[in-house]
Each structure stands twice: as structure tokens, then as C-alpha cells.
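All values below were derived from every heavy atom in this structure, side-chain atoms included, with hydrogens, water molecules and symmetry-related copies excluded. All ligand and atom numbering here is 1-based and tracks the order in the structure.
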Amino acid sequence: MDTALIILAAGKGTRMNSDLPKVLHPVAQSPLLEHAMASGATLEPAHTVVVAGHGADLVRAAAQSFDETATVVEQTEQLGTAHAVAQARDALTGFDGMALVLYGDTPFVQPETLERMRDALAQHDVVVLGFDAIDPARYGRLVLKGDTLERIVEFKDATEAERAITLCNSGVVACKSGLLFELIDAVGNDNASGEYYLTDIIGLARDRGLSATVVTCPEVETMGVNSRADLAVADAAFQTRARAGLLEDGITLMAPETVYLARDTVIGRDSVIEPNVVFGPGVTVESGATIRAFSHLEGCHVSRGAIVGPYARLRPGTELAEDVRVGNFVEIKNAEIQAGAKVNHLSYIGDACVGTRANIGAGTITCNYDGVMKHHTHIGADAFIGSNTMLVAPVTIGSGAITGSGSVITSDVEPDALALSRAPQVEKPGRARKLFETLKKQKEQRQRKS
Ligand code: UD1
Ligand code: CA
């Protein structure tokens with residue numbers, strides 16, 4: 001069955017105390033909304049509809065930067081979850097597969113859980129994701145008769161007996177798309193909150209003799225974010241699970257609790273991650289690589305056998321080929337470092353290509369920015385860049401060429417040539433001793449005066 005995702009993201013998130021819409025606050029360096037979209041995306045949906053309200057323009061931009069085919073509809077007044085889902089109706093005209101409602105502020109529902117819901121929908125008309133709450137608090141309660149879900153009652157509207165139920169509504173619902181909108185048409189707002197409750201569709205479906213059931217998942221998956229404190233708890237929960245996943249996948253984390261991962265971090269088997277490494281968005285590390293302590297990586301790819309750090313910074317667009325070495329206090333941005341090349345100490349390599357086996361001496365800098373535009377540096381295979389070389393881009397260093405230490409290279413260097421650009425050395429015999437004597441005398445005179 002085809003799937004359409006309806007992601008509710010119109011709420012203001014008052015308790016975040018923020019100018020940013022709640023669903024755009026990040027967990028593991030991705031907006032909450034992106035977590036929900038990514039989880040749903042594993043079902044390969046035919047449509048993704050995001051219901052935006054507060055900060056709709058920002059929400060639209062974020063949704064479409066993750067998935068440019070996503071439709072964003074606006075719910076101008078937040079009249080309840082059923083009213084929010086109703087906003088997706090026009091976007092799904094003619095679609096007759098499964099509509100799956102997710103919340104943009106609930107980041108951790110696992111793809112396997114959504115698959116179980118889809119499977120259950122083959123046997124039932126409506127499927128709700130429930131969880132056994134340790135503290136059921138103000139969640140909607142799931143009222144069951146046998147395996148049949150009879151209705152969902154919101155906390156505010158529940159009797160004492162219903163409040164004693166611990167099986168709670170996560171908010172995630174699956175239903176055939178046409179039926180979902182039919183049921184929503186029948187939802188009213190005669191309840192304690194005066195809102196149109198999506199949860200009312202269960203009772204309405206049962207009244208029509210349709211079947212409804214519950215799929216359950218661990219409570220952590222249903223965790224919603226309503227405050228900054230929740231955001232911190234969610235991030236910590238994400239990190240704990242992601243680190244455990246890496247350990248299970250055969251990656252060594254020397255001090256797991258000090259490694260900070262992003263939502264989309266991918267690390268291959270037998271890689272070693274030393275303590276205090278931060279992964280920003282968009283990092284892939286192949287098998288058998290080593291990321292040494294205190295390195296910071298984002299938007300980059302590290303190939304098999306490469307060693308990075310300690311104290312390295314890989315910025316977006318960095319591509320390290322196999323067995324590359326990037327050492328301490330090296331920053332690389334938008335650059336391809338080809339197999340076996342070495343950039344071991346105190347360098348900045350930006351907007352560049354470094355050829356295979358090239359050696360970049362300590363303190364080398366690609367002067368890539370003229371204050372207005374960025375320019376490219378090309379370094380050929382087996383080139384040897386002397387320490388403290390300034391490569392003023394655009395510039396090409398031929399393969400096998402050498403630049404002398406301290407050179408400022410402003411023109412292209414032919415392959416196999418030696419390029420030097422520095423003041424010639426002069427030597428004055430005995431002058432150092434004389435200079436010291438003069439300076440010492442000056443100092444004594446000053447001290448006598450004062
Ligand atoms: C909802 C459920 C409740 C469930 C709980 C789980 C209903 C009536 N209640 O309650 O059974 O236990 O979630 O967290 O569905 N939203 C909109 N537009 C609206 C209203 C809400 O986009 O008009 C979005 C919110 O931004 C949020 C989500 O829908 O992401 C849930 O809304 P919220 O008001 O938090 O619902 P709860 O009262 O928590
Ligand atoms: Ca809520």
C-alpha cells in the first residue's frame with residue numbers, strides 16, 4: 001500500500017520560550033521536524049504533507065530542504081489535531097493508500113514501528129500507536145475491549161476509571177486516506193478543550209462497525225518535546241541510543257559518553273573514535289578509519305584507513321580518500337585530499353585538491369579568499385609543499401613539484417620544478433654579539449634613569 005505522511009507541525013510551542021517554531025529546534029543537530037520526516041521517509045511515502053502554522057515560512061523552508069517534494073499546507077488557527085489533519089485533505093485528493101499521521105515534535109518513532117503499523121492496517125481500518133506510560137500524566141487513554149480499540153479519551157474528558165488506564169496514545173495514527181478524511185468530517189469540538197480531537201475518529205469508526213487496533217512501542221519512541229528541558233533530554237536519549245548502535249555495529253568508541261553524534265552520522269565497522277569528537281550533520285566515515293581526540297567534523301567524507309586528528313577540523317565539502325593523514329590543528333574545507341596524502345600539522349586547506357601522496361608541510365595555508373571571491377588551489381600528485389608555504393589562489397602546483405619553506409606562491413608551478421619565493425638569507429659575522437652588547441647597555445641606561 002502506498003503511504004502518505006501527514007506531519008503535524010503547526011503548534012507554537014509556547015513552553016520553548018523561543019522565536020523559533022518548536023519543530024525547528026534541533027536534536028542531534030537536525031530540526032525535530034527532520035527526525036519525524038526521516039523516520040517516515042523509510043516507508044518511501046508517495047506524499048509528504050507538513051501542516052505548518054506558527055512560523056510557517058521557516059517550517060516550509062526546513063521541510064523542503066530535507067525533502068524538496070514535501071507539500072507544506074498552512075493551518076492558520078490551531079483548532080485541534082483533527083482540524084490540523086483536515087488541512088492535508090486537498091494535498092491528498094485522489095490518494096487512496098495509507099495516511100500516516102506523525103507529530104513534528106516527536107522525533108524518535110522508529111521506522112520498524114511504522115512498518116508494524118502499516119502491516120496492521122492490512123487487517124484493520126484504523127491503527128493507533130500506543131505505549132505503556134510509566135507516568136501517564138495528561139496523555140490520551142486508549143480504551144480497549146480485547147484487542148479492539150474502542151475509543152481514545154483525552155485526559156481532561158476522562159473519568160477516574162479511565163484515568164487509571166496506563167496504555168496511552170502517542171498521537172501516531174494510520175488509516176486509509178479517504179476514510180480518514182470522512183471520519184474527520186464527523187469530528188466535533190464538544191469537549192473539555194473545545195478542540196477538534198483527532199482521537200475522536202476511533203469512536204466514530206467503531207460506531208460504523210469499522211475495526212480499530214493498537215500497535216505498541218517502547219515509551220522512549222513516543223517522547224515529545226515541549227520545553228528546552230525536554231530538548232536536552234531528547235538529545236541525551238538520542239546520543240545514548242546512537243552510541244549504543246555504533247558499538248553494536250563494530251565501531252570502537254574509546255569514551256562513548258564524550259562522542260557527540262548527529263542524526264545522520266554514518267561510521268563504518270572497525271573504525272575507532274577517540275574521546276571528545278563532535279560529528280556535525282552530513283558525515284560519513286568508512287570502515288577502518290581513526291578519528292582522534294578533540295576533532296570536529298561536519299559535511300565530510302572520510303575514507304577507509306584515514307587518520308584524522310587529534311584536534312582536526314573537517315568542514316563541509318571535505319573529501320578524504322583512503323589512507324589520508326590529517327593531523328593536529330588542521331582545518332580543511334571544500335577540498336579533496338587524494339589517497340595517501342598528508343596534511344599533518346597546523347594548516348588551512350580550503351577550496352583545493354591535493355593529489356595522491358602529496359605532502360603538505362606544517363603551517364601551509366591556501367589563501368583562498370580575496371575578500372570578495374573564493375579561489376581554487378590545485379596540488380598535483382607527489383608534490384611536496386614546504387612548511388609555511390602561502391598558496392595564493394587561484395594557483396596550481398604541478399605533480400612532483402616542491403615549494404620552499406616560507407614561500408608565498410602566487411604563480412603556477414610546473415611539474416617537478418622547485419619554486420622558491422622568499423628573501424635571500426644574509427649573514428653578518430659577529431653582529432649578533434655586538435647587537436646584544438648594545439641592547440644590554442641601553443637597558444642599563446634606562447634603569448639608571450628611572
Ligand atoms: C495529543 C493527543 C493525545 C496524545 C498526545 C501525545 C489529541 C486530541 N490528543 O494531545 O491523545 O496522548 O497528543 O502527545 O490528538 N497540532 C497542530 N495543530 C493543532 C493542534 C495540534 O499542528 O491545531 C500539533 C502540535 O503542534 C503537536 C501535535 O499536533 O505537534 C499534538 O498536539 P498537542 O496539542 O500537543 O496535543 P496533546 O494535547 O499533547
Ligand atoms: Ca503534546
Among [options], which residue places a heavy atom closest to [atom]?
atom: atom 4 (C) of ligand 1; options: Asn169, Leu198, Asn226; answer: Asn169
atom: atom 14 (O) of ligand 1; options: Tyr197, Phe131, Tyr103, Tyr196; answer: Tyr103
atom: atom 7 (C) of ligand 1; options: Ile152, Leu32, Thr81; answer: Thr81

Would you say [X] touches ligand 1, if touching means a heavy atom closer than 4.0 Å?
X: Gly224; value: no
X: Cys168; value: no
X: His83; value: no
X: Leu79; value: yes
X: Ser170; value: yes

With atoms numbered from 1 as shown, which atoms in ligand 1 lie under 4.0 angstrom from a non-hydrogen atom of [X]?
X: Asp105; answer: 27 (C), 30 (O)
X: Ala9; answer: 22 (O)
X: Gly140; answer: 3 (C), 4 (C), 11 (O), 12 (O)
X: Gly11; answer: 22 (O), 26 (O)
X: Leu8; answer: 22 (O), 24 (C), 29 (O), 30 (O)

Do [X] and [Y] have a side chain donor and acceptor closer than 3.5 Å?
X: Glu162; Y: Thr159; answer: yes
X: Glu286; Y: His301; answer: yes
X: Glu221; Y: Thr113; answer: yes
X: Asp351; Y: Asn334; answer: yes

Ligand 1 versus Lys22, non-hydrogen atoms closer than 4.0 Å: side chain, backbone, both, neither?
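Looking at Lys22 and ligand 1, no heavy atom falls under 4.0 Å.
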
Heavy atom under 4.0 Å from ligand 1: found in Glu154's side chain, backbone, both, or neither?
side chain

Does any N or O of ligand 1 fall below 3.5 Å from an N or O anywhere on [X], backbone included?
X: Val51; value: no
X: Ala10; value: yes
X: Gly80; value: yes
X: Tyr139; value: no
X: Thr199; value: no
X: Gly104; value: no

Run the salt bridge (Lys or Arg N to Asp or Glu O under 4.0 Å) check on Glu182 and Arg89 step by step: do they pass?
CA-CA 10 Å; Glu182 260 177 55; Arg89 183 195 309 265; over 6 Å; no

Presence of salt bridge, [Y] and [X], under 4.0 angstrom:
X: Arg315; Y: Glu331; value: yes
X: Arg116; Y: Asp119; value: no
X: Glu257; Y: Arg243; value: no

Just say parallel, tilted or perpendicular for the rings of His47 and Phe95, cut-offs at 30° and 60°.
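Rings of His47 and Phe95: perpendicular, over 60°.
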
What orientation do His35 and Phe238 show, parallel under 30°, tilted 30 to 60°, or perpendicular over 60°?
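Rings of His35 and Phe238: perpendicular, over 60°.
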
Answer yes or no: is there a donor N or O on one side and an acceptor on the other, between the side chain of [X] and the main chain of [Y], under 3.5 Å?
X: Thr396; Y: Thr377; result: no
X: Ser295; Y: Arg313; result: no
X: Asp235; Y: Leu231; result: no

